[in-house]
2 protein chains.
Amino acid sequence: MISDNNINKYRDELQNKGIQPSFHRLKIYEYLKSVKNHPTADEVHRELTSQIPTLSKTTVYNTLNLLVENSLIFAITIDNGEVHFDGDIKPHGHFKCLKCGKIYDIFIDEGEMNFGLKISHEITEIQIYMKGYCEDCKKSP
Amino acid sequence: MISDNNINKYRDELQNKGIQPSFHRLKIYEYLKSVKNHPTADEVHRELTSQIPTLSKTTVYNTLNLLVENSLIFAITIDNGEVHFDGDIKPHGHFKCLKCGKIYDIFIDEGEMNFGLKISHEITEIQIYMKGYCEDCKKSP
DNA sequence: GTATCTGCAAAACATTTGCAATTCT
DNA sequence: AGAATTGCAAATGTTTTGCAGATAC
């Protein structure tokens, strides 16, 4: 296990939000924190059932929603069909290639992300989605 | 009819993209261009069936997808469940209130929307989504 | 012992698809 | 006539829900 040494940190993060750090929840949260791509609920489930054969999809959905509601992970709705999840909650954008479908992280300077806005709504979350053709697919789009 | 005088313009815009401007397509496109909110496919269908009782949901979906593919309208995926559509294709962001669910337009200076990025992907579309509590709901979130 | 978490199966929901009928040129 | 558009019904795929059993505090 790659990030076993972070388990206690993750447990604390859940507890600080008032979430009981059950075995399943902790595993799902750890998985999202350790992985560098943006898995769907189905992918999280498929990946973790190899370690935890009894893990149900319902629990995966329940837990992911719980984590999103508590701002511990982000839900990425750049796709129409299915939601992707991102354990990296420091502000950044996402780019989806229209050809290969891959989702890339786009690092954006935090100072660039307020757009000089003066609006009266209270903003709790910003998502920036870009689409197009990635470097690899650009030649033949 | 509010924007009858724009019909010829809309017809031209469809034809310039190689889309046959059928009656249904023209009506759907006109509706999206004239409305100031961000209807879902279902809302477009519900609204237009009062004028065009024979209009099917399949045609609404077909047409909306065709318009999106040809960059004549935008698909807004700020919601998980359903896609909203926006006939206003000049760059701007969207804000969704987590309490009342309303989606507001956020006008962003176009110069603010490149984020000083130097990335090697070819970007064809940028969507900026913000969430939080709108002015009206801020008092009791 | 009571509340919470989990899992199964079924339901809900938006969207897509296959195909036949209609319409347009 | 021929090609494109349309509509119905069924299928698809993701996510949610109801409820019973298991687990934890």
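By convention in this document, chain letters (A, B, ...) are assigned in the order of the sequence lines, proteins followed by strands, and residues within each chain are numbered from 1.
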(message) What's the angle between the local helix axes at either end of the helix from C:dT6-D:dA20 to C:dT25-D:dA1, using five pairs per end and rounding to 10 degrees?
(response)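 Rounded to the nearest 10 degrees, the bend comes out at 20°.
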For the pair made of [atom1] in [X] and [atom2] in [N], what is the distance, rounded to whole Å?
| X | N | atom1 | atom2 | value |
| --- | --- | --- | --- | --- |
| A:Leu48 | C:dG7 | CG | P | 12 Å |
| A:Lys57 | D:dG18 | NZ | P | 20 Å |
| A:Ile78 | D:dT14 | CD1 | C1' | 18 Å |
| A:Glu82 | C:dT15 | CD | C1' | 13 Å |
| A:His45 | C:dT6 | NE2 | C1' | 12 Å |
| B:Leu55 | D:dC8 | CG | P | 10 Å |
| B:Glu43 | C:dC13 | CD | P | 15 Å |
| A:Gln15 | C:dC5 | CD | P | 12 Å |

(request) Identify, between B:Thr59 and A:Tyr61, the residue whose nearest nucleotide on DNA chain D lies closer to the 5' end. (result)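 Closer to the 5' end of DNA chain D: B:Thr59.
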(message) Closest-nucleotide mapping onto DNA chain D: is B:Asn80 or B:His24 further toward the 5' terminus? I mean the 5' end.
(response)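 On the 5' side of the pair lies B:His24.
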(request) Record whether the side chain of A:Thr58 comes under 3.5 Å of the base of C:dC8 through a donor-acceptor pair of N or O atoms. (result)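 Answer yes: a donor N or O sits under 3.5 Å from an acceptor.
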At less than 4.0 Å, is any side-chain N or O atom of [X] found next to OP1 or OP2 of [N]? Yes or no.
| X | N | answer |
| --- | --- | --- |
| B:Asn62 | D:dT6 | no |
| A:Asn65 | D:dT16 | yes |
| B:Ser22 | D:dT6 | yes |

(message) Does any part of the side chain of A:Leu55, heavy atoms only, come nearer than 4.5 Å to the side chain of A:Thr59, both counted from C-beta?
(response)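 Yes. Closest side-chain heavy atoms under 4.5 Å.
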(message) Of the listed nucleotides (D:dT5, C:dT6, D:dT15), which one gets closest to any side-chain atom of A:Arg25?
(response)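 Among D:dT5, C:dT6, D:dT15, the one nearest the side chain of A:Arg25 is C:dT6.
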(request) Verify the distance criterion only: is there a donor paired with an acceptor across the side chains of B:Tyr129 and A:Glu125 at less than 3.5 Å? (result)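 No, no side-chain donor-acceptor contact under 3.5 Å.
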(request) Quickly, which of B:Thr63, B:Asn70, B:Asn65 forms a side chain to side chain contact (heavy atoms under 4.5 Å, CB included) with B:Leu67? Name it, please. (result)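 Only match with B:Leu67 under side chain to side chain contact (heavy atoms under 4.5 Å, CB included): B:Thr63.
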(request) Report the distance from atom CE of B:Met130 to atom CD1 of B:Ile78, rounding to the nearest 0.5 Å. (result)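 If I round to the nearest 0.5 Å, the distance is 9.0 Å.
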